[in-house]
Structures are given as structure tokens and as C-alpha cells.
Number of protein chains: 2
Amino acid sequence: MPRKVQPVATGPRRSVLSDETYDMVKAMILTHEIAPGAKVNIDALALKLGVSQTPIREALARLESDGLIAKEALKGYSTTNLLTVKQFNDLFQFRLLIEPWAAEQSAQNINAVGIAALKAEMQSAKTALKLSESEQVQAFIEHDARFHSLITRISGNESVTEAFERTHCHLHLFRLFLAAQSRLIDDKPKDKFVEDLFYRYYQTGSGQLTIKEHEAISSAICTGDDKGAKTAMQKHIQSSLDRFSPAAKVLNK
Amino acid sequence: MPRKVQPVATGPRRSVLSDETYDMVKAMILTHEIAPGAKVNIDALALKLGVSQTPIREALARLESDGLIAKEALKGYSTTNLLTVKQFNDLFQFRLLIEPWAAEQSAQNINAVGIAALKAEMQSAKTALKLSESEQVQAFIEHDARFHSLITRISGNESVTEAFERTHCHLHLFRLFLAAQSRLIDDKPKDKFVEDLFYRYYQTGSGQLTIKEHEAISSAICTGDDKGAKTAMQKHIQSSLDRFSPAAKVLNK
DNA sequence: GTCGTCAAAATACTATACGAAATAGTATTT
DNA sequence: AAATACTATTTCGTATAGTATTTTGACGAC
């Protein structure tokens, strides 16, 4: 008779419930399962996720620090609204300050590990082309997020990496995208700007534009062409800004 | 007989216990009441602050997001260590990316409100000169924090402002300073580097250097000299880096 | 009908106690 | 001495109760 009962295939837990809750709530915000600007009821959320209030509170506190949730004393939590046009422009201006520099640094610091990581990420983007259209959108935004994050990491500067991660820029872009999508489907099919967004987005999502620009950045970094990497990143961010700007504009009219 | 009983001078509460707890714990980290790298026991902290665990948990979750507290699954929270030399350099490099730009923008956007705020902040620095030496240190670091924060706000870019605030750079500098101070007092009075730090710091703290550099930035902004503001900010951050760099080095040997 | 008042319900916030699970430290056995 | 077993501590999560505040909605005055 075994002295100690065998744990039922549960390896050592690497994350705790409050971390999982954080990820789940973040995902719910990303996918508009909790709409932008909506109230977040702690009891209801705890019930829905099947956990007690404690992990929920910790998750919401962290999300507040992330700027994804706003807290009003004694009135509770609510998700932040979609980016305003100004916030959108501010965000891209900020990226223009740090990311071209990061690309430049990466080209100077690049090594075999970095090259392998970049190649792998570019490869994942190309395989994403095989997915269905609806899956492509999500896949490409995730690739874009990983790609830009990777370059800040290769740059070697922790502060820059953290600052970039905290912008959650791809999460915000995805929320904008989803809002535009539902708006397109629901009630305003002839909104010129939203249609335009989708044209522009799928142009990106289908990989032609984003992949091309990422390829230019990636190869410049891998060949150690620091100035080339810098200007390629500048152009890419500017191009991304131009693509998404109309969406931000019309959704916050 | 008055129809409604007068509330006993208790206006609507603007912050809740968990917010106050957050500030208190942050202050405890700042002042080394909780030493760098030390474990943070939730029960003990709750007992000490006279609150229950719930607000403590929320506060620690937020501080973790801030990068001031680290969390290890099932092992609890502990304060982050002092900045390593690399982190220190990364931080200042990051500031060099965003703050000169912010100063340049501020010079372009400056208006009467901004000028008044800058003048007031410069005035507060000068009145801090009248304080005792020990109070000056705290006062000057606080002035420095407010001054740099103010400029990012005047720049008008929310992302830049937030990114700067989140670095908590002055909090980290103050922790470095305190660590050097205790080291100087305690056991290694003839440490050349630490003495050097204090020489450099008081040179700054006495206001001669910092005030001069801040004055140059401030007046360039107020006169709309954008390029001048940019280079003045660059020089100031570089100068600050040079002053503190030896301290970071020796304290992390 | 509009506005304000007031009570009831809902919700946020805090406190407290308890238990499960993991870690860390100590003692025991091999 | 190394491996194992045991104990103590701590973290983590749950449950529950109670207070404070906001929200709601009905009622009545204008």
C-alpha cells in the first residue's frame, strides 16, 4: 500500500490562480467579451470564472496598473474606452521614439541567437498565410506583437522593452479592429471609413504589406545594417499609423 | 431641529484603503523601511499597517505591475533589488530617447499655463535651498521628479508621460542614494566611490548644478527655443548619469 | 411632466477565519 | 553522508459576514 497518494498527473503548478485570472480577464477585454467602457462587476466575474473574489481583485488591480481597467473609488472597475484619436497618435509617436532606436541597436548587437529568433518569427508569419481569413487577423496581430517585442528585446535595453510592452499597443489595435468589425456588420455597412479600414487591414492581414515591411527590418538587422534597420522601422510604423488612423478617427467620432 | 444630520466633516472619501495602502507600501520601499530584495509577508504587513489582507494583496499586485515588487508563485512577494549597473544605464538611455523629445515638444506647445507651472516649480527648487541638508536631499529629488514629469506633461503626449512615470526613476535613484548613505555611515567610511557619490550628490543637492541645468531647460522651453530645450535636456540627463553612475557601480559590485 | 427626497436594493470594500497546497527546515533512517 | 520522512511555516484561495456607499425606483411636491 503506497504511503503517499500519487498526485493525479498534476505537475508542479507554475502559475497561480490570480495569474491565470489576469490572463483570462485580459483576453476577455481583448475580445470585447467585456466591452470597452463597460462596468466590471467583481461578484459576477468571480462567478463566471468560477473563482473567489481574491484572485479577481488582484487581477483587476494589475490591469488597472496596465491601463486596461479604470478604478473609481467605491464605484468599482470598468474597462477603459477605445483609444481616442489623440491617444492613438500619441501612442504611435511614442513608438517612433523608441522602436527605430531599438531596431538600430539590434542591428549593432545582433548575434546567432537573435538571427534565429527573427528568422523563426518571420517564418511563423508566412505559415499564418495558410490560415482562413478570420484566423489570419488574430494570427497576424499576434505575429506583429511578437515581432516588435522581439526587436526591443534584441536591442538589449530592459527599460525600452518594458516601456514597449506596457503600451499594449497591439491589444489596443485589436480592440479598435473588433469595434470596427462589429460596426461594419451591425448597422452601418456603408460607412466609407470603416470599409476603408478593412480594405487596408486585409491588405495587411493577408501579409503582403506587413510581411514585406517586417522582412526589410529583419534583414537589415540580421546584416548589421543599423541605419537601414532604423529607417525601415520608421517607415513601417508610419505606414501602420497611416493604415489604422482612419479607423481610430471614425470610431471615436 | 435640523432635518438632516450634518455629516461630521467627513467629505466623500476620495480614496479607498487599498489605494492608501499602495502609497504606504511604496513609501516604505522608497525609504528602505522595507529593504531592497527583502521578503514582504502579507500577514506581517497587514498587522503593521493595521488593515486586513485584502488591501495589502491589491497594493502588492499593483506594485508588482510597477516593477517595484517581484512575485514568485507560492513563495510570495519581495521588493526588487537596487538597480544593476546595466539597468541603470538602460534607464538613462531610455530617458535620453524620450525626454529631450519631450522638452522639444514642450517648447513648441508652451502656453501661459505651462510657463506658470514651470516658473512655480523652479521657485520651489530655490526655496528648498533654505532647508537643512538632510531635508534638502529629499526635497531636491522630489523637485527633480516633479520637474521632469511636468515637462513630459507639457509635451502633451500621454504615452510619453505614462512611460516616464512608470520608470519610477527618481524612486530608484533615491533608493540608490539611501543605500550609499547607509553604507557610508555603517562600515566603509573610506570607500572612495561612495564618498565621491556624496560629493557629487551634494554638489547637485545644494542646487548649484541641478538648478542651473533645470533653469537652462526651463527658459529654453518658455521662450519657445525647441532645439535649445532639446539639447539642454540631453546634457542634463547625461550629466545626471555621470553623477550617479559611480554609485550604481560600487553598490552592485 | 419634472424635480427632489427618501427608502430599499445592489454593489464595493474590509475584516476574519479556515483549509489546502507548497516550501523550508529538521529529524530520522539507511 | 545521503536520502527520506516529518513538522512548521507560508502562501494561496475560499467563504462569509458586516459596513459603507452608490444606485434605483417609488413617491410626493411643484
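All values below were derived from every heavy atom in this structure, side-chain atoms included, with hydrogens, water molecules and symmetry-related copies excluded.
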It should be established whether A:K75 places a side-chain nitrogen or oxygen under 4.0 Å from OP1 or OP2 of nucleotide C:dT11. no
Given D:dG13, C:dA12, C:dA15, which nucleotide is nearest the side-chain atoms of B:V51? C:dA15
How long is the line joining CG of A:L49 and P of D:dG13, in whole Å? 13 Å
Output the rounded distance in Å from CG (A:D19) to P (D:dT11). 15 Å
Which class fits the ring pair B:F140 and B:H143: parallel under 30°, tilted 30 to 60°, perpendicular over 60°? perpendicular
Would one find a side-chain N or O of B:S52 under 4.0 angstrom from OP1 or OP2 of C:dT14? no
Chi angles and distances behind the salt bridge (charged side-chain N to carboxylate O under 4.0 Å, His left out) call for A:E58, B:R57: CA-CA 7 Å; A:E58 289 184 22; B:R57 287 173 188 274; 3.5 Å; yes
Could you check how far CG of B:L17 sits from P of C:dC13, rounded to whole Å? 11 Å
Establish, from distance only, whether the side-chain atoms of A:Q105 and A:N157 form a donor-acceptor pair under 3.5 Å. no
Value in whole Å for how far the C1' atom of D:dT11 lies from CG of B:D43: 9 Å
Residue pair B:H172 / B:L68, side-chain heavy-atom distance below 4.5 Å: yes
Among D:dC12, C:dC13, C:dT11, which is the nearest nucleotide to the side chain of B:Y77? D:dC12
Quick one: does any side-chain atom of B:T80 pair with a main-chain N or O of B:I69 as donor and acceptor, under 3.5 Å? no
B:I42 CD1 to C:dT14 P, in whole Å, measures 15 Å
Do the side chains of B:R62 and B:D66 get close enough for a salt bridge, i.e. N-O under 4.0 angstrom? no
What is the distance from NZ of A:K39 to C1' of D:dT21, rounded to the nearest Å? 11 Å
Options C:dA12, D:dT14, C:dT14, nucleotide nearest the side-chain atoms of A:T54: D:dT14
Calculate the interatomic distance between A:Q53 atom CD and D:dA17 atom C1'; express it in whole Å. 12 Å
Please state how far atom CG in B:L74 lies from atom P in D:dC12, giving the value in whole angstrom units. 6 Å
Assess the residue pair B:Q123 and B:L118 against the criterion (side chain to side chain contact (heavy atoms under 4.5 Å, CB included)); give the C-alpha distance rounded to whole Å, side-chain angles, the decisive distance to 0.1 Å, and a yes or no. CA-CA 9 Å; B:Q123 190 53 43; B:L118 274 172; over 6 Å; no
For the residue pair B:R146 / B:S124, report whether a side-chain donor-acceptor contact shorter than 3.5 Å exists. yes
Please give me every residue in residues 56-72 of chain B whose heavy atoms get under 4.0 Å of an atom in DNA chain D, ordered by residue number. B:R57, B:E72
In dot-bracket, 5' to 3', how would DNA chain C read with Watson-Crick or G-U wobble pairs under 3.5 Å, [ ] for crossing ones and | for pairs to another strand? ||||||||||||||||||||||||||||||
Minimum heavy-atom distance between B:A139 and B:A128, given as atom pair plus value: CB-CB, 4.1 Å
